[in-house]
Amino acid sequence: MKKILVVLIILVVALSGGIIFYLSGIGAADPGNDEEITVEIPNGSGASAIVAILDEHGLIKNMTCAKINARIGGYDSLQANTYIFKGSMTLPEMMKAINTGDFEYISKTSFQLNEGYRLTQCAEALSEVTPYSKKEIMATWDDRDYLKKLIKDYWFLTDDILDKDIIHPLEGYLYPNTYFITETEPSIDSVTRLALDEMDKALSERRSEIESSEFSIHEFLTISSIVTKEGCATEKDAAHISGVFVNRIKKDMSLGSDVTVCYIFDEDRVDLKVSQLDSESPYNSRKVQGLIPGPICTVPAIAMDGVLNYEKTDDLFFYAGPDGTIYYAKTNEEHEKNVSAHPWSEEDLEQ
């Protein structure tokens with residue numbers, strides 16, 4: 001009995017020692033080091049291969065223990081990506097992050113497409129976080145062969161964007177949002193699809209309403225973009241402005257929106273020049289009747305919903321005062337009174 005007890009004690013001690021050794025071996029390689037280390041996990045990497053990669057980056061304390069953990073850890077959904085780890089992290093913490101694709105540890109670069117951004121501004125924002133110039137990005141976005149591929153992949157992209165009068169085919173089709181790039185070498189296409197995928201979500205939520213409206217998807221985004229640029233701060237304003245535009249379209253009037261003229265010259269300003277207002281561009285809604293060829297900027301949900309739920313009104317005019325208040329009118333005479341009563345000062349124009 002004494003011998004058996006001694007053997008049992010030895011086994012317990014050995015087992016305890018083994019467990020302690022194992023747990024220590026899969027612990028942090030450098031507990032006090034919080035310096036960030038970038039680790040690239042290629043597609044198809046198994047647990048053992050990932051352990052070897054982590055070891056190359058000095059993140060493994062004991063390779064034998066790490067290999068054991070790779071076998072028994074249950075890592076069955078390891079996800080390729082670029083991760084940011086620290087020497088103070090344990091092996092299970094890193095493997096769990098890779099197994100779940102934990103966004104917290106994924107290397108990412110962000111860029112923002114604001115509401116009302118023209119496509120050229122979107123290209124500028126993207127050029128700041130990628131190796132591509134604004135010119136290269138715009139060249140891709142305007143390439144007809146590339147556009148035809150996108151049309152096949154996205155239900156809301158139609159041949160309407162290929163019309164000869166369109167200035168930039170993808171104008172208005174990239175959804176305004178903050179985007180995270182997790183690829184180390186992103187392509188223009190992969191980043192473009194981030195914004196198109198978000199637009200897909202926004203439009204799909206409203207697809208039945210859009211299809212039952214009097215507008216095609218292209219017309220819908222065109223009106224929504226003009227409403228966006230007119231500075232609607234609330235859905236109520238968006239709905240009222242949309243109602244004014246719908247009334248003017250039904251009466252075969254021009255939309256009379258200066259923001260469309262600004263688009264022609266790729267700028268935002270209130271004090272447009274006479275030469276600009278006289279532009280013969282089909283985007284000059286002061287001259288052409290009905291809708292212009294296409295959208296003029298990124299479109300947020302508030303503008304979309306405003307158009308879908310446009311207010312039934314008799315108003316045919318609106319005017320945005322310098323304080324942001326929008327004044328509506330049924331006649332041109334009323335409209336001129338609103339303009340005179342709430343003029344923009346030189347200081348307002350400069351701001």
Side-chain angles (χ1 to χ4, degrees), residues 13-114 122-134 137 175-195 197-198 201:
V13 171
L15 181 60
S16 299
I19 293 174
I20 293 172
F21 176 76
Y22 169 73
L23 292 177
S24 175
I26 61 173
D30 191 356
N33 186 4
D34 285 330
E35 181 180 346
E36 293 185 341
I37 300 172
T38 302
V39 180
E40 180 76 27
I41 304 299
N43 281 317
S45 299
S48 295
I50 290 174
V51 164
I53 294 172
L54 294 176
D55 187 49
E56 291 174 4
H57 288 80
L59 293 168
I60 298 297
K61 184 175 183 180
N62 184 288
M63 196 60 175
T64 300
C65 296
K67 289 180 178 179
I68 293 172
N69 182 264
R71 288 179 175 273
I72 67 174
Y75 307 120
D76 54 5
S77 59
L78 295 162
Q79 299 181 36
N81 219 316
T82 303
Y83 295 87
I84 302 295
F85 294 138
K86 298 176 181 179
S88 58
M89 293 178 67
T90 66
L91 176 63
E93 286 176 329
M94 292 183 285
M95 293 299 287
K96 180 181 178 181
I98 299 171
N99 198 53
T100 60
D102 193 330
F103 195 66
E104 179 183 350
Y105 296 101
I106 292 176
S107 174
K108 45 195 175 286
T109 301
S110 67
F111 68 97
Q112 187 167 333
L113 304 184
N114 291 336
C122 293
E124 181 69 33
L126 186 55
S127 70
E128 292 175 358
V129 296
T130 65
Y132 311 104
S133 67
K134 176 182 175 181
I137 295 168
Y175 192 75
N177 208 340
T178 298
Y179 295 94
F180 294 94
I181 302 174
T182 61
E183 303 167 274
T184 51
E185 297 181 2
S187 65
I188 295 176
D189 176 63
S190 67
V191 181
T192 301
R193 288 175 184 270
L194 288 177
D197 288 344
E198 282 301 302
K201 293 176 186 176

J.: If you compare all heavy atoms of Leu113 against all heavy atoms of Ala195, which two are closest, and at what distance to 0.1 Å?
T.: CD1-CB, 4.1 Å
J.: Please work out whether the ring planes of Tyr105 and Phe85 are parallel, tilted or perpendicular, with thresholds of 30° and 60°.
T.: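 Correct class here is tilted.
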J.: Is Lys96 paired with Glu93 through a side-chain N to carboxylate O contact shorter than 4.0 Å?
T.: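 Not counted as a salt bridge, because no side-chain N and carboxylate O are separated by less than 4.0 Å.
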J.: Among all residues two or more places apart in sequence or in another chain, which pass the salt bridge (charged side-chain N to carboxylate O under 4.0 Å, His left out) test with Asp197?
T.: none
J.: I need the Asn62 CG to Ser24 OG distance, nearest 0.5 Å.
T.: 8.0 Å
J.: So do the side chains of Tyr132 and Leu126 get within less than 4.5 Å of each other, counting heavy atoms only?
T.: no
J.: Taking all atoms of both residues into account, what is the closest heavy-atom pair of Ile26 and Pro92, and its distance?
T.: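 So the minimum-distance heavy-atom pair works out to O-CD, 3.3 Å.
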J.: The test is side-chain contact (heavy atoms from CB on, under 4.5 Å); show your working for Tyr175 and Lys201 and say whether it passes.
T.: CA-CA 9 Å; Tyr175 192 75; Lys201 293 176 186 176; over 6 Å; no
J.: Report all side-chain donor-acceptor pairs from residues 63-72 shorter than 3.5 Å, counting only partners two or more places apart or in another chain.
T.:
{"unit_1": "Asn69", "atom_1": "OD1", "unit_2": "Tyr75", "atom_2": "OH", "d": "2.8"}
{"unit_1": "Asn69", "atom_1": "ND2", "unit_2": "Tyr22", "atom_2": "OH", "d": "3.0"}

J.: How far apart are the C-alpha atoms of Leu59 and Met89, what are their side-chain angles, what is the distance that settles it, and do they pass the side-chain contact (heavy atoms from CB on, under 4.5 Å) test?
T.: CA-CA 8 Å; Leu59 293 168; Met89 293 178 67; over 6 Å; no
J.: Please list every donor-acceptor pair under 3.5 Å in which a side-chain atom of residues 34-41 meets a protein atom from a residue at least two apart or in another chain.
T.:
{"unit_1": "Asp34", "atom_1": "OD1", "unit_2": "Ser88", "atom_2": "OG", "d": "2.7"}
{"unit_1": "Glu40", "atom_1": "OE1", "unit_2": "Thr82", "atom_2": "OG1", "d": "2.4"}

J.: Do Phe111 and Val191 pass the side-chain contact (heavy atoms from CB on, under 4.5 Å) test, and can you show the C-alpha distance, the side-chain angles, and the key distance before you say yes or no?
T.: CA-CA 10 Å; Phe111 68 97; Val191 181; 3.4 Å; yes
J.: Keeping Ser127 on the side-chain end and Glu124 on the backbone end, is there a donor-acceptor pair under 3.5 Å?
T.: yes
J.: On a heavy-atom basis, which atom in Gly74 and which in Asn99 lie closest, and how many Å separate them?
T.: O-ND2, 4.3 Å
